[in-house]
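Hydrogens, waters and symmetry mates play no part in the numbers below; they use all other heavy atoms, side chains included.
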Amino acid sequence: MDRSPHLALSPEQSAIIDWFATNARDLPWRAAECTPWGVLVSEIMLQQTPVVRVLPRWQEWLERWPTPAALAAEPSGEAVRAWGRLGYPRRALRLHAAALRITEEYDGEVPGTVAELKSLPGIGDYTAAAVAAFAFGVRATVVDTNIRRVEARLFSGLALPAPTLNAAEMALAESLLPLEATNSVRWNAASMELGALLCTARSPQCALCPVRASCAWIAAGEPEPIYRPKGQPWAGTDRQLRGAVMAVLRATDSPTPWDMFFTEPVLIGDAELSRSLRHLHALESENSRLERILQDLLQEGLAQRSAAGLSLPG
DNA sequence: AAACCGTGGCC
DNA sequence: TGGCCAAGGTT
């Protein structure tokens, strides 16, 4: 009662936070007993990856490596292998590197400030703010794709946020962040969840939205997006080839003979992967591209070479 | 700044 | 069916 006026939430913010209180998903990294390490692992896994795909991997990781020190004690290749098919395996490598830094420089405790978190590999603006807010209760401006979309529609009347995060969006997000820490965390989590569950990129469920009456996008007549998102090609790309090679390396503990990547048939892993790699190889009149890909993977530390062939670092 | 980096599900 | 999308980071 009787709070200072400048600490008050706007009606829209109160409505979204109230909606979150009864509609939030029961995700394990939101549990009270979840450690900062658990939050950090979840945030890395969730980068560009749907929740449903993350859930089983996150459970496995936290059981196997309940602390940063536990992960740091194993070779990075184990992290990459346990990453499974989450995609962007560099995330696993960087998370392992972050665990090493946390173990050595922070006595095994995940740091709790945005600046410290951002200095760790694989942690950028979003993840640093998210871990600080959700694991430590820090007032930090969390801006992810969901929050950007919610704020673009609700306050800017746009169908979608800009192609890349810009200064105006950041300023808007900062101006909206509640001053009091607990409320700021609630706002971050609630606006993100609204974007994930109702205010979705396609077919938003406005009928269920707690702030539909004050939504600038609805008021404007739900205009179409101003731009056309750039699609990312896949078939025949380096990414597809890298993915196929990584799948082969993940599937076995023993090094894959180097020549096996250039000769047919590739009989490692399951049949689907074998077909995939053979197909890609057949498309190449030269092997220079595959050679380059393998060198890239070696240089990045996603793979290591030995006399016996190529394998995950171990 | 724009391109690159995996994967799979959905309409 | 295939383009779009998913709690981004790095160069």
Side-chain angles (χ1 to χ4, degrees), chain A residues 20 24-25 27-30 38-58 80 83-95 97-98 117-135 140-150 159-167 169 173 185 188-197 199-204 225 227-250 272-273 276-277 280 292-293 296-297 299-302:
Chain A
F20 180 73
R25 290 168 292 181
L27 301 172
W29 43 85
R30 288 177 175 164
V39 173
L40 173 56
V41 172
S42 80
E43 291 298 344
I44 302 292
M45 287 185 170
L46 286 163
Q47 291 169 3
Q48 301 289 285
T49 308
V51 166
V52 288
R53 203 174 306 161
V54 165
L55 281 167
R57 291 286 84 76
W58 184 87
V80 175
W83 199 250
R85 305 182 68 81
L86 283 181
Y88 293 149
R90 304 202 272 216
R91 291 183 292 168
L93 203 58
R94 290 174 179 153
L95 184 49
L117 288 161
K118 263 200 74 169
S119 76
L120 296 173
I123 299 185
D125 288 329
Y126 162 75
T127 305
V131 172
F134 301 141
T141 308
V142 176
V143 184
D144 80 320
T145 188
N146 292 303
I147 291 177
R148 293 181 65 210
R149 190 172 53 248
V150 167
L160 293 175
T164 57
L165 179 60
N166 58 47
E169 281 181 86
V185 173
N188 284 328
S191 55
M192 196 182 316
E193 190 78 340
L194 185 69
L197 296 185
C199 196
T200 51
R202 288 172 297 191
S203 306
Y227 67 97
R228 199 57 52 189
K230 288 183 142 184
Q232 295 180 330
W234 171 249
T237 62
D238 284 359
R239 297 159 68 143
Q240 185 186 32
L241 184 48
R242 285 169 57 101
V245 171
M246 291 304 299
V248 169
L249 298 185
R250 237 186 277 120
E272 188 176 352
L273 296 178
S276 172
L277 198 55
L280 290 163
R292 177 174 55 75
I293 295 295
D296 287 350
L297 295 175
Q299 172 138 16
E300 287 183 52
L302 278 166

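OP1 or OP2 of C:dG9 sits under 4.0 Å from a side-chain N or O of A:T127. Close to C:dG8, at under 4.0 Å from its OP1 or OP2, lies a side-chain N or O of A:Q48. Contact check, A:R250 against B:dT7: a side-chain N or O comes under 4.0 Å of OP1 or OP2.
For A:A133 against A:N188, the heavy-atom pair with the smallest separation is CB-ND2, 4.0 Å.
With hydrogens and angles disregarded, a donor-acceptor distance shorter than 3.5 Å links the side chain of A:R30 to the backbone of A:R25. Within the 3.5 Å criterion, the main-chain N or O of A:R85 finds no donor-acceptor partner in the side chain of A:R57.
Following rounding to the nearest Å, A:R94 (CZ) and B:dC4 (C1') show an atom-to-atom distance of 11 Å. The separation between A:D238 atom CG and B:dG6 atom P is 10 Å, rounded to whole Å. Per the geometry, CD belonging to A:Q299 stands 14 Å off C1' belonging to C:dT10, to the nearest Å. The nearest whole Å value for the distance from the CG atom in A:L117 to the P atom in C:dA7 is 21 Å. Rounded to an integer number of Å, the gap from CG of A:L95 to C1' of C:dA7 is 15 Å. Taking atom CD of residue A:E193 and atom P of nucleotide C:dA6, one finds them 14 Å apart after rounding to whole Å. Rounded to whole Å, atom P of C:dA7 lies 13 Å from atom OH of A:Y88. For A:D144 and C:dG9, the CG to C1' distance is 14 Å, given to the nearest whole Å.
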Quick test: give all pairs of protein nitrogen or oxygen and nucleotides 1-3 of chain B nitrogen or oxygen below 3.5 Å, distance rounded to 0.1 Å.
unit_1	atom_1	unit_2	atom_2	d
B:dA3	OP2	A:K230	NZ	2.9

Atom pairs under 3.5 Å, N or O on each side, protein against nucleotides 9-11 of chain B: can you list them with distances?
none

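With P as the reference atom, B:dA3 and C:dC4 are 15 Å apart, rounded to whole Å. Rounded to whole Å, the separation between the P atoms of B:dG6 and C:dT11 comes to 14 Å. B:dC4 and C:dA7 have their P atoms separated by 23 Å, with the value rounded to a whole Å. Rounded to whole Å, the C1' atom of C:dA6 lies 23 Å from the corresponding atom of B:dA1.
The residue A:G87 sits close to a base: some heavy atom pair falls under 4.0 Å. Base contact: A:W29 has a heavy atom under 4.0 Å from a base atom. As judged by a 4.0 angstrom heavy-atom cut-off over every strand, A:R149 is placed among residues touching the sugar-phosphate backbone only. In this structure, A:L160 reaches neither bases nor backbone, as no heavy-atom distance under 4.0 Å exists between it and the strands shown. Nucleic acid contact class of A:A130 (heavy atoms, under 4.0 Å, all strands): none. Here A:I44 lies out of heavy-atom contact (under 4.0 Å) with every strand.
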Which atom pairs, donor and acceptor, lie under 3.5 Å between side-chain atoms of residues 39-51 of chain A and protein residues at least two apart or in another chain?
unit_1	atom_1	unit_2	atom_2	d
A:S42	OG	A:V39	O	2.7
A:E43	OE1	A:Y126	OH	2.7
A:Q47	NE2	A:T127	OG1	3.0
A:T49	OG1	A:M45	O	3.4
A:T49	OG1	A:Q47	O	3.0
A:T49	OG1	A:R91	NH1	3.1
A:T49	OG1	A:R91	NH2	3.0

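Partners of A:L302 by side-chain contact (heavy atoms from CB on, under 4.5 Å), not counting sequence neighbours, listed by chain and number: A:V80, A:P89, A:R90, A:L93, A:R242, A:M246, A:L297, A:E300. In this view, A:R292 and A:D238, A:R289, A:D296 satisfy the side-chain contact (heavy atoms from CB on, under 4.5 Å) rule, not counting sequence neighbours. For A:R239, the side-chain contact (heavy atoms from CB on, under 4.5 Å) partners two or more places apart in sequence, or in a different chain, are A:Y88, A:Q232, A:W234, A:T237.
The number of heavy atoms from other shown groups lying within 6.0 Å of CZ (A:R228) does not exceed 12.
Considering only side-chain atoms of A:R85, the nucleotide from C:dA7, B:dT7, C:dG9 that sits closest is B:dT7. Candidate nucleotides C:dA6, C:dG9, B:dG6 were compared by shortest atom distance to the side chain of A:Y126, and C:dG9 ranks first. For A:E43, the listed nucleotide lying nearest its side chain is C:dA7; candidates were B:dG6, C:dA7, B:dC5.
Between A:C199 and A:N146 the shortest side-chain heavy-atom distance does not fall below 4.5 Å.
Along DNA chain B, the nucleotide nearest A:P50 and the nucleotide nearest A:E300 are compared for position; the residue whose nucleotide lies closer to the 5' end is A:E300. Nearer the 5' end of DNA chain C, as judged by each residue's closest nucleotide, is the contact made by A:T200, out of A:K118 and A:T200.
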